[in-house]
Trainee: 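This is the structure, below, for whatever I ask next.
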Amino acid sequence: MPLRRALLGAVATAALVVAGAVALPGAAWADDYPTWDDVKNAQADEQAKQAEVTRIQGLLDGMRAEVAAAQALSQQRGEEYNRAQAAFDTAAYKADELETQAAEAQQRADASNRQAGQLAAQLGRAGNSDLAVSLLAGGGASGSGDLLYQLGTMSMLTSKTSQIYAQAEQDSNTAAALSAQAEIARAELEALAAEAQRLRDEAVSAQQAAESALAEQQNHEVELQTQLQVLTENRQATEADYQKGVEARAEAARQAMLAGLPTLPFIAASGWASPFPGGYSSDEYGMRVNPVSGAYLMHSGIDLVVSGGSCGVPVYAAAEGIVEYAGWNGGYGNFVEIDHGGGISTGYGHNTRLLVGVGAYVQPGQPIALAGTTGNSTGCHVHYEVRQNGSGINPRPFMQAVGIEFG
C-alpha cells in the first residue's frame, strides 16, 4: 500500500534522526558472555571456577541494573513529554479562544457602528426636513407643540447615537486587545510544539533502549542462571542445560503468540474502526479540572468505557498506520500513538498492557493494547484522542465524519 510505504519511510527517517540526536545507554550485549566451553574449562580449577561464578553474577547484576535504569529513564522521559504536550494543548486552546473572542468583539463593534450610522441618518432627515419646515412656517400652538416634540426626539436620537458610537469604540478596543493577546499566544505555540516534539523523540528513544535492555536480559538470563547453577553445584554441564535457555525463550514466544487477539470484524466504509467497540463517553473533549491533579487543563480527547467493566478489554487501532509511540507517557500511563499519514494521528491512553511497539505497522481494527487505569486515572477506561498536525481536535465530530459513533 502507498500509505504503508510512505509511513515506513517516515518512521525510518525519524528513527535515524532520533538515534543521531539521543545516545542510547550502554548495553550488556557489548560484554563477552561466557560460553558452555568456558563453564566446562572453569570447572577444572577451583580458582577459575570462582572467577567464572563472579563474572556471571556480575553480568546478571549488570543486566538487571541496566534494565532498571533504562526503564526509569523511559518513565522520566514519558513524564516530561506528557507535561510538554499538555502545556501545548492548553495554550493552543486558549489561543483559539482569544481569537474567537476578538472576532466576536469586532462583530459587535461593526454592528454598533451600523446602528449608529442608521440613527445618524434618521437624525439628519429629521433636522433637514421636518424641523426646517416647521421653523420657516412659524406655525401656531399646534405647530409649537410639534416643534418641541421634534426637538426632544432629536435630542434623544443624538444621545442614543453617541452612546452607540462609544460602545462601538469600546468593542473595537477590546477586539484589538484580544487580537494582540492571541498573537502573543500563537507566537508561544511554536516553541511549545517544538519542545513537545523534542521530548517525544527522547521518550521514544528511551523506550526503545528500555525494550532492548529487557530483551537482552530475557535472552541471556536463563542461560546465565543455568551456567551459574552448573558451576555452584559443581556438576557437569550437559546439552540439556544449554537447551534449557533456548526452550525457555521459545516458550515465551509461544505464549506471546497465544496472547494475540482477533481483529475487529466491523470497519466503516471510510477505512476507520471504533477504537473501543461498544464504548460510551465518561468525559468529553475540552478544558476541565483534572480529576487527579486538580489543575485546570485541556482534556485533549474523549474518555471511553464499556458496560461490565473496561479493564483488560481490547483497544483497537482506529485506522491503518505506523506506531510512533508505545510506552509510558506521564499522566496518560501506558500510551500508544499511531501516525495515519496526512497529518492525522490517534492516541490511546491508560492501558494496562501494550500489544504493539514503536515502528509497527497496524491495520484498522487490529488489537494494540488492553484497557486499564495507568497514569492519572480514576478508573478503567480508554483516553482516545485525534491530532491534526500535532494539535488535538475533538474526536467526536471527526469520528462521526468517518462513520464511527460514540455513545
Side-chain angles (χ1 to χ4, degrees), residues 1 3-15 18-19 70-71 74-75 77-78 81-82 85 200-215 218 252-265 267 271-277 279 301 304 310-330 332-341 344-375 380-387 395 404:
M1 295 181 182
L3 172 60
R4 182 178 183 181
R5 288 196 297 272
L7 290 174
L8 285 171
V11 168
T13 302
V18 172
Q71 289 175 336
S74 175
Q75 180 161 340
R77 293 290 182 262
Y81 166 47
N82 179 258
Q85 188 66 68
R200 201 278 292 275
D201 290 344
E202 290 190 9
V204 169
S205 180
Q207 176 66 19
Q208 290 174 326
E211 291 172 357
S212 295
L214 183 61
Q218 292 170 340
R254 284 194 293 272
Q255 291 300 322
M257 290 179 62
L258 290 174
L261 297 165
T263 59
L264 183 68
I267 299 174
W272 285 71
S274 173
F276 210 43
L304 299 173
S310 301
C311 270
V313 175
V315 180
Y316 300 91
E320 80 164 320
I322 296 291
V323 176
E324 280 198 321
Y325 191 91
W328 188 262
N329 186 4
Y332 285 151
N334 292 322
F335 184 75
V336 175
E337 183 177 355
I338 303 173
D339 182 359
H340 304 290
I344 299 297
S345 64
T346 54
Y348 315 74
H350 305 304
N351 303 289
T352 187
R353 179 183 170 195
L354 304 183
L355 304 178
V356 293
V358 172
Y361 167 76
V362 295
Q363 298 180 7
Q366 177 177 334
I368 58 172
L370 302 181
T373 183
T374 56
C380 286
H381 70 283
V382 174
H383 169 88
Y384 175 69
E385 62 183 39
V386 178
R387 292 187 176 274
I404 302 298

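Please read all numbers here as calculations on a predicted model, not as lab measurements. Excluded from the calculations below are hydrogen atoms, water molecules and symmetry mates; all remaining heavy atoms, backbone and side chain alike, are included. Index from 1, following the sequence.
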Trainee: Can you name the nearest heavy-atom pair linking Phe335 to Gly347, along with the distance?
Mentor: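 Of all heavy-atom pairs spanning Phe335 and Gly347, the closest is CZ-CA, 3.7 Å.
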Trainee: My understanding is that only residues two or more places apart in sequence, or in another chain, count here; which of them pass side chain to side chain donor-acceptor pair (under 3.5 Å) with His383?
Mentor: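 Counting only residues at least two positions away or on another chain, His383 forms a side chain to side chain donor-acceptor pair (under 3.5 Å) with His299, Asp303, Glu385.
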Trainee: Please report the closest heavy-atom contact between Gly365 and Ala273, naming both atoms and the distance.
Mentor: N-CB, 3.9 Å
Trainee: So which atom in Ala318 and which in Pro364 form the shortest heavy-atom distance, rounded to 0.1 Å?
Mentor: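 It is O-CB, 4.3 Å.
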Trainee: Can you tell me how far CG of Asn329 sits from NE2 of His350, rounded to the nearest 0.5 angstrom?
Mentor: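 Atom-to-atom, His350:NE2 and Asn329:CG are 9.5 Å apart.
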Trainee: At what distance, to the nearest 0.5 angstrom, does OG1 of Thr346 lie from CD of Glu324?
Mentor: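 The OG1 atom of Thr346 sits 10.0 Å away from the CD atom of Glu324.
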Trainee: Any side-chain to backbone donor/acceptor pair from Ser212 onto Gln208? Under 3.5 Å, distance only.
Mentor: yes
Trainee: Could you tell me if the side chain of Tyr316 sits less than 4.5 Å from the side chain of Pro275, heavy atoms only?
Mentor: no
Trainee: Under 4.5 Å between any side-chain heavy atoms of Trp328 and Thr374, yes or no?
Mentor: yes
Trainee: Of the options Val358, Val362, Val356, which is the one that meets Val336 in a side-chain contact (heavy atoms from CB on, under 4.5 Å)?
Mentor: Val356
Trainee: Provide the closest heavy-atom pair for Pro395 versus Gly301 in the form atom of the first, atom of the second, distance.
Mentor: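 Nearest pair, atom of Pro395 first, then Gly301: CG-CA, 4.0 Å.
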Trainee: Going from CZ on Arg77 to CG on Asn82, what distance comes out if it is rounded to the nearest 0.5 angstrom?
Mentor: 14.5 Å
Trainee: For Tyr348 versus Ile338, what's the shortest heavy-atom pair and its separation?
Mentor: CE1-CD1, 3.7 Å
Trainee: Less than 4.0 Å between a side-chain N and a carboxylate O, is that true for Arg200 and Glu337?
Mentor: yes
Trainee: When rounded to the nearest 0.5 angstrom, what is the spacing between CD in Glu202 and CD in Gln207?
Mentor: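 Separation between the atoms: 14.0 Å.
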Trainee: Closest heavy-atom contact between His381 and Ala371?
Mentor: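 His381 and Ala371 have their closest heavy atoms at O-CB, 4.4 Å.
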Trainee: Can any side-chain N or O of Asn351 pair as donor or acceptor with the backbone N or O of Arg353 at less than 3.5 Å?
Mentor: no
Trainee: Under 30°, 30 to 60°, or over 60°: which ring-plane class applies to Trp272 and His340, parallel, tilted or perpendicular?
Mentor: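 Answer is tilted, since the angle falls between 30° and 60°.
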